[in-house]
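Everything on this sheet refers to the single structure shown next.
Values reported hereafter were calculated over all heavy atoms of this structure, with side chains retained and with hydrogens, waters and symmetry mates removed. If you read the sequence from its start, that first residue is 1, and numbering goes on from there.
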Amino acid sequence: MTTKSERPPIGYARVSTNGQDLQLQLDALLKAGCAKKDIFTDKVSGSKSARPGLDECLGNLKPGDTLVVWRLDRLGRSVRHLIDVVEELRQRGVGFKSVCDGAIDTTTASGELVFHIFTALAQFERRLIQERTKAGLESARARGRLGGRRPMPLNDPRVQTAKRLHSDKSIAVPDICATLRISRATLYRYVGMK
């Protein structure tokens, strides 16, 4: 459990578009004890990984601080991302609190327990997805379907061109690859086809 510091909490607020207003979140963060100068903001979709306000906020947090958000979805792009961010905060000795999600306050024992339950559910979900994917692949294989790219036929013009250019020892491999717009590995796979 992270202990609370003497410093006021640090706030983070985000809206998805410029047309939305941050004021509701800012008012809630101020009411939660954040100083106006210690509230970081972003106006960007939650699905975007580049969030300069969040990056600056995370960079300003010190051990013993508490990060406060209006709601959980303002911080994380997904449940997994949210859990990763909060786990990183925990490892750095930083608390986390969500104003609207009252039970989420990692500076208290019960709040930390609730977050651990979230973490366990996310891990459970990830494992279920892995199991379903594996079962689907096995089922497809049992029906004779193989995944991956279809094999390139030997008479494909790309294969024939690669073989001809490679057999002409006056042309360098990087030039062949650039001309055909293929990687070196693809060139050698084409050349090795029998």
Nonpolar side-chain network containing Leu180, other nodes, edges under 4.5 Å =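 Grouped by the 4.5 Å side-chain rule, Met152, Leu154, Val159, Leu165, Ile171, Val173, Ile176, Ile182, Leu187, Tyr188, Tyr190, Val191, Met193 form the rest of the cluster around Leu180.
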Test salt bridge (Lys or Arg N to Asp or Glu O under 4.0 Å) on Arg90 and Glu87 and set out the steps.
-> CA-CA 5 Å; Arg90 187 192 65 76; Glu87 178 59 22; 2.5 Å; yes
Using only atom types and a distance under 3.5 Å, with no angle test, would you say the side chain of [X] pairs donor to acceptor with the backbone of [Y]?
{"X": "Asp42", "Y": "Gly53", "result": "yes"}
{"X": "Arg74", "Y": "Arg14", "result": "yes"}
{"X": "Thr179", "Y": "Asp175", "result": "yes"}

Any side-chain heavy-atom pair of [X] and [Y] under 4.5 Å:
{"X": "Thr66", "Y": "Val94", "answer": "no"}
{"X": "Phe40", "Y": "Leu54", "answer": "no"}
{"X": "Gln130", "Y": "Arg126", "answer": "yes"}

Can you list every ring pair (Phe, Tyr, Trp, His ring centres under 6.0 Å) pair that touches residues 123-144, not counting sequence neighbours?
->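 Residue pairs passing ring pair (Phe, Tyr, Trp, His ring centres under 6.0 Å), neighbours aside: none found.
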Could I get the full list of salt bridge (charged side-chain N to carboxylate O under 4.0 Å, His left out) partners for [X], not counting sequence neighbours?
{"X": "Glu56", "value": "none"}
{"X": "Asp55", "value": "none"}
{"X": "Arg92", "value": "Glu88"}
{"X": "Glu125", "value": "none"}

State whether the number of non-hydrogen atoms from other residues, nucleotides or ligands found under 6.0 Å of Arg127 atom CZ is greater than 12.
->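 No, not enclosed.
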Could you give all pairs that pass the side-chain hydrogen bond (donor to acceptor under 3.5 Å, both in side chains) test and reach residues 161-172, with sequence neighbours left out?
->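 Residue pairs with at least one partner in residues 161-172: Asp168-Ser170.
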Taking only residues at least two apart or on different chains, which pairs with a member in residues 19-32 satisfy side-chain hydrogen bond (donor to acceptor under 3.5 Å, both in side chains)?
->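 As it turns out, the side-chain hydrogen bond (donor to acceptor under 3.5 Å, both in side chains) pairs with a partner in residues 19-32, which skip direct neighbours, are Gln23-Asp27.
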Got a sec, which residues hit side-chain hydrogen bond (donor to acceptor under 3.5 Å, both in side chains) with [X], two or more places apart in sequence or on another chain?
{"X": "Arg189", "answer": "none"}
{"X": "Asp38", "answer": "none"}
{"X": "His116", "answer": "none"}
{"X": "Asp156", "answer": "Arg158"}

Decide whether Phe96 and Trp70 are clustered together by the hydrophobic rule: side chain heavy atoms of Ile, Leu, Val, Met, Phe, Trp, Tyr closer than 4.5 Å, transitively.
->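 They do not share one cluster, since no chain of ILVMFWY contacts under 4.5 Å joins Phe96 to Trp70.
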Kindly determine whether Arg7 and Asp65 satisfy salt bridge (Lys or Arg N to Asp or Glu O under 4.0 Å), including the steps that lead there.
-> CA-CA 7 Å; Arg7 287 177 21 147; Asp65 284 348; 2.9 Å; yes
